[in-house]
Amino acid sequence: MPELPEVESIVRCLSSNIKPPQILKVIVLRADILVNTSQEHLCKHLPGQVMQKIYRRGKYIVMKFSNGGHLVTHLRMSGLYRFLNGNETVPYLRLWFELEGDKKLGYADKRALGRIWLYLPGEPLSVLTKLGPEPLAADFTLERFQQSVHWRHSPIKPLLLNQTFVAGIGNIYASEILYQAGISPSHYASDLTSEEVYKIYRAIRSILEQAIACRGTHISDFADPEGNEGEFVNRLKVYQKAGDICPRCGGIIQRTVQQQRSTYWCPGCQH
DNA sequence: AATTGTACCTGTCAGC
DNA sequence: TGCTGACAGGTACAAT
């Protein structure tokens with residue numbers, strides 16, 4: 001489900017809703033999504049805590065509690081958070097938090113690839129340390145991007161998926177970014193001219209900002225915790241559009257595979 | 001050290 | 001209808 005714009009939408013939704021209710025109870029139905037914690041551990045440390053701040057780093061959701069501890073979630077392919085009222089439920093529910101006011105925050109995950117970490121007060125959030133720069137942050141400058149690209153011996157598309165290179169881009173937006181930039185996904189990073197790097201840099205920011213404004217891309221069962229679906233699906237130009245006519249040059253959109261993952265692009269206008 | 005392939009888990013869909 | 005294989009928004013780790 002989630003790349004940077006989807007995770008950002010989820011975080012904004014959670015932040016606007018959680019007017020810090022207290023966690024009363026934690027119920028775990030499937031413990032193998034827990035990495036450095038357990039049901040007992042969560043039940044010991046979370047009840048009584050208030051979700052003071054919720055933010056995003058790359059594709060990770062970070063919840064900061066009133067005691068200084070943190071719960072970190074990575075949704076991987078199919079994880080989602082959902083507010084549930086009373087006895088309401090959702091398919092593939094893996095755990096939930098019982099909140100003040102007869103509300104629940106459920107975590108559901110069809111494929112169960114998502115992961116959750118609990119960091120106690122004072123513990124460093126070690127799972128976040130290897131992440132590359134935030135592509136929408138002020139310190140992600142063109143100069144910094146140029147320097148990190150020019151020595152990479154990898155085709156540009158799989159490089160955009162590398163979270164140590166830049167955090168938050170996934171398979172949908174990698175294709176859309178390179179389409180907007182007019183760059184072939186198999187173009188080697190080290191061979192890009194500075195003009196081409198600039199086009200990719202601009203496209204990263206422009207596509208991610210547009211997608212956030214649309215609250216992400218609604219594919220499969222993605223929705224934010226209130227059930228709002230992302231509208232960027234209507235603006236996709238190439239992703240899952242193999243065989244369609246390219247809106248820019250009239251060519252035919254292709255699907256190819258790079259490192260076991262689908263890439264969508266137009267050979268007519270991406271070089 | 002960096003890049004690429006494999007494993008993880010479970011569901012859906014197309015083709016036979 | 002049932003089976004099989006391909007594919008799915010991701011990453012950790014092993015192999016190269």
Side-chain angles (χ1 to χ4, degrees), chain A residues 1-11 29-36 56-61 72-81 90-95 107-117 126-132 147-179 185-191 207-208 211-212 214-224 229-243 254-264:
Chain A
M1 163 177 77
E3 304 182 30
L4 186 154
E6 289 74 37
V7 177
E8 181 66 26
S9 303
I10 291 164
V11 162
L29 301 178
R30 183 156 168 169
D32 60 356
I33 59 170
L34 307 176
V35 179
N36 62 347
R56 179 190 61 72
R57 174 73 174 100
K59 301 173 193 171
Y60 293 81
I61 299 166
V72 179
T73 306
H74 196 300
L75 305 167
R76 295 275 184 94
M77 297 289 263
S78 57
L80 60 91
Y81 273 109
V90 61
Y92 311 106
L93 188 62
R94 307 304 192 189
L95 65 79
Y107 175 76
D109 192 341
K110 190 187 284 186
R111 293 175 65 181
L113 291 169
R115 292 293 180 262
I116 291 177
W117 296 257
S126 56
V127 70
L128 305 179
T129 55
K130 286 185 187 164
L131 288 175
Q147 283 172 10
S148 63
V149 165
H150 86 271
W151 58 270
R152 292 286 190 153
H153 301 289
S154 164
I156 185 63
K157 193 269 186 168
L159 183 58
L160 289 176
L161 297 182
N162 181 337
Q163 301 299 296
T164 67
F165 173 68
V166 55
I169 298 172
N171 210 35
I172 295 178
Y173 298 110
S175 284
E176 295 296 322
I177 286 163
L178 291 174
Y179 175 78
S186 52
H187 201 130
Y188 260 71
S190 48
D191 294 339
I207 292 285
L208 294 178
I212 289 172
C214 291
R215 285 198 291 204
T217 299
H218 171 59
I219 290 184
S220 178
D221 37 23
F222 171 70
D224 75 16
E229 299 169 351
E231 305 289 333
F232 196 76
V233 66
N234 302 315
R235 306 231 202 144
L236 295 175
K237 300 289 198 299
V238 291
Y239 183 76
Q240 286 187 342
K241 293 193 183 297
Q254 305 288 314
R255 172 184 177 269
T256 52
V257 175
Q258 293 176 285
Q259 298 184 3
Q260 288 80 242
R261 307 211 63 196
S262 294
T263 299
Y264 297 88

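Atoms considered below: every heavy atom in the structure, side chains included; atoms not considered: hydrogens, waters and symmetry mates. Proteins come first, then strands; the chains are lettered A, B, ... in the order of their sequence lines, and each starts at number 1.
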Inset, instruction - Quick one: label A/F232 by what it contacts on the DNA or RNA (base, sugar-phosphate, nothing), any heavy atom closer than 4.0 Å. - result: nothing
Between A/R152 and A/Q260, whichever has its closest DNA chain B nucleotide further toward 5' is A/R152
Would you say a side-chain N or O of A/Q163 is under 4.0 Å from OP1 or OP2 of C/dG10?
no
Correct closest heavy-atom pair for A/S78 and A/A112 would be OG-N, 4.1 Å
Within the pair A/H74 and C/dG10, is there a side-chain N or O less than 4.0 Å away from OP1 or OP2? no
A/R111 CZ to C/dT11 P, in whole Å, measures 13 Å
Partner of A/T73 under side-chain hydrogen bond (donor to acceptor under 3.5 Å, both in side chains), picked from A/W117, A/Y60, A/Y81, is A/Y81
B/dT6 and C/dA6: how far apart are their P atoms, nearest whole angstrom?
14 Å
Scanning all shown strands, the Watson-Crick or wobble mate of C/dG9 with both distances under 3.5 Å is none
(message) On the nucleotide C/dG9, are OP1 or OP2 found under 4.0 Å from the side-chain N or O atoms that A/R261 carries?
(response) yes
| said: I want to check one thing: is the phosphate of C/dA12, taken as OP1 and OP2, less than 4.0 Å away from some side-chain N or O of A/R115? | reply: no
Exactly one of A/N171, A/I172, A/V166 clears side-chain contact (heavy atoms from CB on, under 4.5 Å) with A/I169, and that residue is A/V166
Partner of B/dC9 under the Watson-Crick or G-U wobble criteria, both distances under 3.5 Å, comes out as none
Evaluate the side-chain proximity of A/I207 to A/Y179: yes if any heavy-atom separation is below 4.5 Å, no if none is.
no
A/Q258 and A/P155 have their tightest heavy-atom pair at NE2-CB, 3.9 Å
Does A/Y264 make a side-chain N or O approach to OP1 or OP2 of C/dG9 shorter than 4.0 Å?
no
With P as the reference atom in both, quote the distance from C/dC7 to B/dG5 in angstrom, rounded to an integer. 15 Å
Between A/P2 and A/L75 the two heavy atoms that sit nearest each other are CG-CB, 3.3 Å
| request: Determine: side-chain N/O of A/K59 to OP1/OP2 of C/dT11, distance under 4.0 Å, yes or no. | output: yes
Q. NA contact type, A/Y173, heavy-atom cut-off 4.0 Å: base, sugar-phosphate, or nothing?
A. nothing
Note: chain A reaches DNA chain B at heavy-atom distances under 4.0 Å over the stretch, first to last nt, 5' to 3', of B/dA2 to B/dG11
Worked verdict on A/D221 versus A/K110 for salt bridge (Lys or Arg N to Asp or Glu O under 4.0 Å):
CA-CA 10 Å; A/D221 37 23; A/K110 190 187 284 186; 3.5 Å; yes
Take atom P in C/dT11 and the same atom in B/dA1, then report the distance between them in whole Å.
23 Å
DNA chain C nearest-nucleotide lookup for A/Y60 and A/Y239: closer to the 5′ end is A/Y239
Centroid-centroid under 6.0 Å between A/Y239 and A/F232 rings: no
Assign each of A/S262 and A/V127 the nucleotide of DNA chain C bearing its closest heavy atom; nearer the 5' end lies the nucleotide of A/S262
For B/dG11 and C/dA12, measure between their C1' atoms and round to the nearest Å. 22 Å
